[in-house]
Amino acid sequence: MQARREFIKKSTIAATGVSLAPNFIFAAASQKSKSKINVGLIGIGLRGTNHLNSLLLRNDVEVTAICDVDSTRIGLALNAIATAGRSKPKTFGRNDYDYRNLLALGNVDVVVISTPWLWHTKMAVDSMRAGKYTGLEVSAANTLEECWDLVNTHEETGTHLMILENVNYRRDVLAVLNMVRANVFGEMLHFNCGYKHDLRGVKFNDGKTAYGKGVEFGEKGISESKWRTAHSLLRNADVYPTHGLGPVAVMADVNRGDRLLSLTSHATKSIGLNKYIEETGGKDHPNAALDWKQGDIITSTINTSNGETIIVTHNVNNPHPYSLGFKVQGAQGVAEFDYHTKRIHIEGTTQGHGWESMDKWLQKYDHPLWKKYGENAMEAGHGGIDFFVINALVESAKEGTAPPMDVYDAAAWSAVTPLSEASIANNGEVQDFPDFTRGNWIKKKPYNWMKDNY
Ligand SMILES: NC(=O)c1ccc[n+]([C@@H]2O[C@H](COP(=O)([O-])OP(=O)(O)OC[C@H]3O[C@@H](n4cnc5c(N)ncnc54)[C@H](O)[C@@H]3O)[C@@H](O)[C@H]2O)c1
């Protein structure tokens with residue numbers, strides 16, 4: 001916490017060259033923008049708490065209201081707010097719909113939603129209707145109807161929604177985006193991405209500790225196992241596409257000059273969760289008899305209007321190191337980058353037919369945000385990316401402009417879930433993406449991601 005506070009302070013001072021009074025630390029980027037905003041949080045479980053901590057670091061934010069149906073989470077959040085020396089917010093959570101009383105408050109400008117997936121669209125729609133600038137966790141929606149609900153509500157109300165995809169702010173992701181924009185790879189052809197992360201210890205627990213123990217879920221589990229695991233039982237779909245797709249969709253100018261056209265998806269058999277339950281809880285545990293619908297590895301191939309392809313993988317039910325498996329390929333070269341492997345081949349630069357390390361490329365194309373907040377950002381949550389995503393939400397809201405990742409992105413990226421489900425159910429049948437922009441993708445210019453403020 002102290003380190004993060006120091007980071008904000010140092011980086012701002014470094015950026016402005018002067019020492020500033022605390023309330024001006026995040027001074028407005030433009031004359032028109034508000035200097036301070038009030039934020040309400042709905043859902044302060046593990047993720048909501050990350051967001052709360054990022055918000056409490058900022059002198060341009062007041063957390064005026066929090067809502068969670070779990071009173072333990074409210075207590076923990078109130079402690080964190082008091083420890084940060086901030087005023088006590090109004091609290092909500094008497095029932096599942098008490099969040100609507102938070103939305104009725106006049107002193108809430110921005111709402112951050114970090115609840116289970118089935119609540120996302122309902123809460124975001126209500127939030128936009130209440131005129132609140134809305135930050136929504138990933139994935140945004142579960143069905144095509146929900147995707148349209150988000151878009152229609154934004155268009156009816158004029159209120160903005162930002163999908164809080166933090167991976168878009170990873171240092172290597174932003175550097176590669178910079179390289180794509182600088183034409184290092186030439187004209188783009190193909191991308192690989194996905195979510196490969198052993199979630200067995202998240203999907204099951206003993207009802208007391210969030211990670212790694214026990215084989216309970218639903219009412220007998222806690223944290224994500226309470227709600228996330230049911231999706232594996234009931235849906236054969238890529239239920240978590242945006243950590244991979246978000247970054248490459250931006251590189252491919254999706255919704256801004258290009259768009260996702262169609263996909264085809266296939267799933268392997270489902271064995272990982274059953275094996276885990278048997279080995280951890282025993283063959284006689286009642287959960288060992290369950291029939292999991294979700295295939296262990298789901299592969300979707302998307303084609304875009306500009307003739308590019310994107311392979312998205314969902315692979316979370318077996319042993320696998322954390323990997324989003326990024327690959328970007330153009331007519332001039334190719335890069336593969338993950339947390340541990342970063343390699344590139346650029347024609348005319350890389351010798352022979354092998355790979356070279358990406359180190360010097362990542363340095364050369366380091367993103368202005370990372371150059372500015374650099375070293376110290378690494379000390380913030382998830383290696384800095386949680387800070388950057390909340391920073392983008394707050395700064396866009398202060399300016400009252402559309403966020404970098406908007407409601408159309410939320411809809412298009414999240415649509416992979418229902419479309420992959422339909423494709424798998426029909427032996428890989430091609431599914432068309434709706435054009436959530438209603439044709440506007442043709443004239444919309446790419447967002448300027450290369451700024452150093454957000
Ligand atoms: N971007 C990331 O890196 C990242 C990481 C983790 C989770 N997430 C996303 O964040 C969201 C939340 O995940 P989590 O790990 O915090 O789960 P969690 O189960 O720890 O927290 C969810 C919270 O929502 C509360 N809640 C449920 N229904 C509610 C209602 N009607 N009103 C008010 N509160 C309600 C629960 O009591 C709980 O505290 C999910 O969408 C998840 O996919 C994103």
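Counting convention: from 1, in listed order, for ligands and their atoms alike.
Every atom of ligand 1 with a heavy atom of H243 under 4.0 Å away is listed here by number and element: 1 (N), 2 (C), 3 (O). Against a heavy-atom cut-off of under 4.0 Å, R73 is close to the following atoms of ligand 1: 39 (O). For ligand 1, the atoms closer than 4.0 angstrom to any heavy atom of D70 are 37 (O). When each atom of ligand 1 is checked for a heavy atom of S223 under 4.0 Å away, the hits are 19 (O), 20 (O). Set against the non-hydrogen atoms of G45, the atoms of ligand 1 under 4.0 Å away are 16 (O), 20 (O), 21 (O), 23 (C), 39 (O). Close contacts of ligand 1 with W119, meaning ligand atoms under 4.0 Å from a residue heavy atom, involve 28 (N), 31 (N). Under a 4.0 Å criterion applied to the non-hydrogen atoms of H120, ligand 1 contributes the atoms 41 (O). Interface of M123 with ligand 1, defined as ligand atoms under 4.0 Å from a residue heavy atom, comprises 30 (C), 31 (N), 32 (N).
Looking at R47 against ligand 1, both its backbone and its side chain come within 4.0 Å, counting heavy atoms. With a 4.0 Å heavy-atom cut-off, ligand 1 is reached by no atom of E165. For N166, every heavy-atom contact with ligand 1 shorter than 4.0 Å involves the side chain, none the backbone. Using a 4.0 Å cut-off between heavy atoms, E224 contacts ligand 1 through both its backbone and its side chain. Contact annotation: for Y240 versus ligand 1, heavy atoms closer than 4.0 Å belong to the side chain alone.
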Check the pair F217 / E224 against side-chain contact (heavy atoms from CB on, under 4.5 Å), numbers first and verdict last. CA-CA 9 Å; F217 69 98; E224 292 203 9; over 6 Å; no
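Both tests hold for K451 against Y454: distance to the six-membered ring centre under 6.0 Å, angle to the ring axis within 45°. Cation-pi geometry between R170 and F326 is not met at under 6.0 angstrom from the ring centre and within 45 degrees of the axis.
Remark: ligand 1 and P116 share no N or O pair separated by less than 3.5 Å (distance only, no angle test). Polar contact check, R228 against ligand 1: no nitrogen or oxygen pair lies under 3.5 Å apart. Every N/O-N/O distance between S139 and ligand 1 stays at or above 3.5 Å.
Comparing I42, D68, T49 by heavy-atom distance to atom 37 (O) of ligand 1, the nearest is D68.
Between H154 and H160, the gap from one ring centroid to the other is short of 6.0 Å. The aromatic ring centroids of Y99 and F92 lie 6.0 Å or more from each other. Under the 6.0 Å cut-off for aromatic ring centres, W361 and F185 do not qualify, their centroids lying 6.0 Å or more apart. Taking the centre of each ring, Y240 and Y195 come in below the 6.0 Å mark. Checked against a 6.0 Å centroid threshold, the rings of W413 and Y408 do not count as neighbours.
At the shortest separation from atom 19 (O) of ligand 1 among protein heavy atoms lies W227 NE1, 2.9 Å. Nearest protein neighbour of atom 42 (C) of ligand 1, counting heavy atoms only, is V138 O, 3.6 Å. The nearest heavy-atom contact from the protein to atom 31 (N) of ligand 1 is D96 O, 3.1 Å. Looking at atom 29 (C) of ligand 1, its nearest protein heavy atom turns out to be V69 CG2, 3.7 Å. Regarding atom 12 (C) of ligand 1, its nearest protein heavy-atom neighbour is S114 O, 3.4 Å.
Heavy atoms of K226 stay at 4.0 angstrom or farther from ligand 1.
The two atoms that bring R73 and G45 nearest to each other are NH2-O, 3.3 Å, heavy atoms only.
No donor-acceptor pair closer than 3.5 Å links the side chain of N178 to the backbone N or O of L174.
Within the structure, the side-chain hydrogen bond (donor to acceptor under 3.5 Å, both in side chains) test picks out the following pairs touching residues 414-425 (sequence neighbours left out): R235-E421.
No option in Y373, W370, W449 other than W449 meets the ring pair (Phe, Tyr, Trp, His ring centres under 6.0 Å) test with Y169.
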